[in-house]
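Below: the structure, in structure tokens.
All values below come from the heavy atoms of this structure, side chains included, with hydrogens, waters and symmetry mates left out. Given the structure is predicted, the values throughout are model-derived calculations rather than measurements.
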Amino acid sequence: MAKVTEEQVEAVRALIEAIPPGRVRTYGDIAGELGLSSPRIVGWVMRTDASDLPWHRVVPASGRPAAHIVTRQLERLRAEGVLADGDRIPLRDYRL
């Protein structure tokens, strides 16, 4: 992966912080808005520097959370009024 600058990390963090309760964004949405070369950069930032962020509001483009966090993520989203269709978030209803 390309070197990620501190400015990029802070920009990713700011966009995640700005997602209101009851809404979601995809990794690609965030990467696209910031002009990043890949949604994977957003994932890397989240893995390394997002414990204090509303991480549960960022989902893959499929709307399906990763298997290792699906239960926690869907529970947190449900508490904010985001209702999954099975294990998938219907992006057309909740995407910011």
Side-chain angles (χ1 to χ4, degrees):
M1 181 172 55
K3 182 167 174 23
V4 179
T5 68
E6 187 60 34
E7 292 78 22
Q8 290 171 322
V9 170
E10 290 308 312
V12 168
R13 288 180 51 80
L15 283 183
I16 295 169
E17 285 175 341
I19 303 169
R23 306 300 279 184
V24 298
R25 294 192 82 182
T26 68
Y27 294 92
D29 292 339
I30 294 168
E33 185 168 329
L34 297 175
L36 301 175
S37 60
S38 170
R40 291 179 184 269
I41 294 171
V42 177
W44 180 85
V45 170
M46 290 183 66
R47 276 191 310 278
T48 59
D49 190 35
S51 62
D52 61 333
L53 295 175
W55 59 268
H56 58 285
R57 297 180 190 147
V58 181
V59 298
S62 68
R64 286 186 166 82
H68 68 286
I69 60 170
V70 66
T71 301
R72 281 192 318 154
Q73 189 165 18
L74 293 180
E75 284 174 356
R76 286 182 181 219
L77 288 170
R78 188 177 316 111
E80 296 180 352
V82 176
L83 304 177
D85 182 7
D87 67 348
R88 188 182 158 281
I89 302 301
L91 297 178
R92 69 185 174 283
D93 297 334
Y94 300 106
R95 194 179 208 166
L96 183 63

Margin query: With clusters defined by side-chain heavy atoms of hydrophobic residues (ILVMFWY) lying less than 4.5 Å apart, directly or transitively, does L34 cluster with L53?
Written below: yes
Going by atom type alone, with no hydrogens or angles, which donor-acceptor pairs under 3.5 Å involve a side-chain atom of residues 17-25 and a protein atom two or more places apart or on another chain?
residue	atom	partner	partner atom	Å
R23	NH2	R95	O	2.9
R25	NH1	E33	OE1	3.1
R25	NH2	E33	OE1	2.7

Next item on the list: Say whether I89 and W55 are linked into one hydrophobic cluster, either directly or through other cluster members, by side-chain heavy-atom distances under 4.5 angstrom.
Entry: no
Item checked: Non-hydrogen atoms of S38 and A31 that approach each other most closely -> O-CB, 3.8 Å
Checklist line | Heavy-atom side-chain proximity of D29 to L15 below 4.5 angstrom | finding: no
Notebook entry, point to check: Who are the side-chain hydrogen bond (donor to acceptor under 3.5 Å, both in side chains) partners of D85, not counting sequence neighbours?
Noted result: none
Note to self: Test of understanding: clusters of I, L, V, M, F, W, Y form through side-chain heavy atoms closer than 4.5 Å, transitively. Do V59 and Y27 belong to the same one?
What the structure shows: no
Item checked: Any pair counted as salt bridge (charged side-chain N to carboxylate O under 4.0 Å, His left out), so long as it reaches residues 50-60, sequence neighbours left out -> R13-D52, R57-E80
Note to self: Can you tell me how far apart CD1 (I41) and CG (L36) are? Round to the nearest 0.5 Å.
What the structure shows: 5.0 Å
Pairs of donor and acceptor atoms involving the side chains of residues 63-76, under 3.5 Å and at least two apart or interchain, shall be tabulated with distances.
residue	atom	partner	partner atom	Å
R64	NE	D87	OD1	3.3
Q73	NE2	H56	O	2.9
Q73	NE2	V58	O	2.9

Note to self: Side chains of W44 and V9, heavy atoms from C-beta outward: is any pair under 4.5 Å?
What the structure shows: yes
Item checked: Apart from L96 itself, residues in the same hydrophobic cluster as defined by side-chain heavy atoms under 4.5 Å -> none
Check: Between P54 and I16, which heavy-atom pair has the shortest distance, and what is it?
Finding: CG-O, 3.4 Å
Note to self: Treating Y94 as the side-chain partner and L83 as the backbone partner, does any N or O pair qualify as donor plus acceptor under 3.5 Å?
What the structure shows: yes
Notebook entry, point to check: With S51, which residues qualify under side chain to side chain contact (heavy atoms under 4.5 Å, CB included), at least two apart?
Noted result: none
